[in-house]
Amino acid sequence: MTSRIDVIAIDCHDIRLVADFWTAVLGWQVTEVEGDDYLSIGPADGSTPSIDFLRVPEAKTIKNRLHLDLRADGMSTADEIARVESLGATRVDIGQDPSVTWTVLADPEGNEFCILGQTRQETH
């Protein structure tokens, strides 16, 4: 047996802002709320992984050491990038070479993530 990822935890200052962004990006739903300091989202079918948002007092100040890589599913990569930008994502430069095949973005609190160049359909 091996381990598997069950939950991804994201520290943030405004858990509702960041959770609402990721819920819209992933098409997930809120699955658990504990006061003003904790909120969890996940797929409607209850599968994992889920994402927990934990309130912290400090703002993000440096590049993430861990980030999510997303792949467009059912639409072009360009359309997916435009969609997540309309939800509040911003493009960021973390020093990536201009020739990379992915796009680096940040959520409303600056947590970086990537949208990979090939769609899910193009990889299968």
Side-chain angles (χ1 to χ4, degrees):
M1 300 294 296
T2 61
S3 295
R4 64 178 273 180
I5 295 173
D6 189 59
V7 177
I8 299 162
I10 298 178
D11 289 348
C12 48
H13 187 69
D14 185 337
I15 61 171
R16 180 56 71 174
L17 173 71
V18 180
D20 286 350
F21 170 80
W22 283 105
T23 299
V25 168
L26 299 171
W28 288 3
Q29 62 187 20
V30 172
T31 58
E32 187 176 357
V33 178
E34 289 182 18
D36 295 331
D37 295 326
Y38 169 84
L39 191 150
S40 186
I41 68 170
D45 66 4
S47 63
T48 59
S50 59
I51 301 177
D52 290 352
F53 299 91
L54 306 153
R55 183 179 311 284
V56 296
E58 68 277 356
K60 181 181 173 303
T61 58
I62 60 172
K63 178 179 169 278
N64 294 357
R65 297 286 305 260
L66 177 72
H67 68 268
L68 302 177
D69 284 346
L70 308 180
R71 192 174 300 281
D73 187 6
M75 68 177 69
S76 73
T77 298
D79 287 345
E80 178 64 353
I81 292 167
R83 186 182 76 84
V84 298
E85 286 178 321
S86 76
L87 296 170
T90 55
R91 292 181 191 232
V92 293
D93 182 354
I94 58 167
Q96 66 270 30
D97 187 277
S99 66
V100 298
T101 60
W102 58 86
T103 301
V104 183
L105 299 121
D107 72 16
E109 283 201 1
N111 300 299
E112 298 92 4
F113 65 97
C114 296
I115 296 185
L116 303 174
Q118 289 186 312
T119 67
R120 181 163 159 63
Q121 289 70 32
E122 291 168 334
T123 63
H124 287 88

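Note: hydrogens, waters and symmetry copies are ignored here, and every other heavy atom, side chains too, is used. Source: prediction; values computed, not measured.
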**Student:** Roughly how far apart are T119 OG1 and D79 CG, rounded to 0.5 Å?
**Tutor:**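 Interatomic distance, T119 OG1 to D79 CG, rounded to 0.5 Å: 11.0 Å.
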
**Student:** Using a 3.5 Å distance criterion without hydrogens, assess whether the side chain of K63 forms a donor-acceptor pair with backbone atoms of R65.
**Tutor:**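 Such a contact is absent between K63 side chain and R65 backbone.
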
**Student:** Hey, any chance I81 and W22 share a hydrophobic cluster, counting ILVMFWY side chains that come within less than 4.5 Å of each other, even indirectly?
**Tutor:**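 Yes; W22 is reachable from I81 via cluster members.
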
**Student:** Counting only N and O atoms by type, is there a donor-acceptor contact under 3.5 Å from the side chain of E112 to the main-chain atoms of N64?
**Tutor:**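 Here the side-chain-to-backbone pair exists.
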
**Student:** Please determine whether residues L68 and I5 belong to a single hydrophobic cluster, defined as Ile, Leu, Val, Met, Phe, Trp and Tyr linked transitively by side-chain heavy-atom distances below 4.5 Å.
**Tutor:**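 Yes, it is one cluster - the side chains of L68 and I5 are joined through contacts under 4.5 Å.
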
**Student:** So, for E80 and A72, which heavy atoms are closest and what is the spacing to 0.1 Å?
**Tutor:**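 Heavy atoms only, the tightest pair is CB-CB, 3.7 Å.
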
**Student:** Residues in side-chain hydrogen bond (donor to acceptor under 3.5 Å, both in side chains) with D52, at least two apart?
**Tutor:**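 For D52 the side-chain hydrogen bond (donor to acceptor under 3.5 Å, both in side chains) partners, ignoring immediate neighbours, are Y38, S40.
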
**Student:** Compile the donor-acceptor pairs under 3.5 Å between side chains in residues 91-104 and protein atoms, sequence neighbours left out, one pair per line.
**Tutor:**
from	atom 1	to	atom 2	distance (Å)
R91	NE	E85	OE2	2.7
D93	OD1	G95	N	2.7
Q96	OE1	I94	N	2.7
Q96	NE2	V92	O	3.0
D97	OD1	S99	N	2.8
D97	OD1	S99	OG	2.5

**Student:** Quick check for you: to the nearest 0.5 Å, what is the distance between R120 atom CZ and M75 atom CE?
**Tutor:**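 Going from CZ on R120 over to CE on M75, the span is 14.0 Å.
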
**Student:** Just how far is it from atom CG of L54 to atom CG of D37, taken to the nearest 0.5 Å?
**Tutor:**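 Reported to 0.5 Å precision, the distance equals 9.0 Å.
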
**Student:** Mind listing the closest non-hydrogen atom pair of F113 and A89 along with its distance?
**Tutor:**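 Nearest pair, atom of F113 first, then A89: CZ-CB, 4.0 Å.
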
**Student:** With a sphere of 6.0 Å drawn around CG of D73, does it hold more than 12 non-hydrogen atoms of other residues, nucleotides or ligands?
**Tutor:**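 Result for CG/D73: enclosed.
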
**Student:** How close do G117 and T77 get, heavy atom to heavy atom, and via which atoms?
**Tutor:**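 Closest heavy-atom pair between G117 and T77: O-OG1, 2.9 Å.
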
**Student:** How far does SG of C12 sit from CD of E58, to the nearest 0.5 angstrom?
**Tutor:**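 Rounded to the nearest 0.5 Å, the SG-CD separation comes to 10.5 Å.
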
**Student:** I need the H67 NE2 to N111 CG distance, nearest 0.5 Å.
**Tutor:**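 Spacing of NE2 (H67) from CG (N111) equals 12.0 Å.
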
**Student:** Is it possible for you to say whether I51 and V33 belong to one hydrophobic cluster, with membership spreading through side-chain heavy-atom contacts below 4.5 Å?
**Tutor:**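 Linked, I51 and V33 end up in one cluster.
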
**Student:** Atom CD1 of I10 and atom CG of D107: how far apart are they, to the nearest 0.5 Å?
**Tutor:**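 One finds 6.5 Å between CD1 of I10 and CG of D107.
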
**Student:** Distance-only, no hydrogens or angles: does the Q121 side chain make a donor-acceptor pair with backbone N or O of G74 under 3.5 Å?
**Tutor:**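 Checking the backbone N and O of G74 against the side chain of Q121, a donor-acceptor pair under 3.5 Å is found.
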
**Student:** Show me, pair by pair, the donor-acceptor contacts under 3.5 angstrom made by side chains of residues 13-21, not counting sequence neighbours?
**Tutor:**
from	atom 1	to	atom 2	distance (Å)
H13	ND1	V56	O	3.4
H13	ND1	P57	O	3.4
D14	OD1	R16	N	3.3
D14	OD1	L17	N	3.0

**Student:** Going only through I, L, V, M, F, W and Y residues with side-chain contacts under 4.5 Å, is there a path from L26 to L116?
**Tutor:**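 No, L26 does not connect to L116 through the hydrophobic network.
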
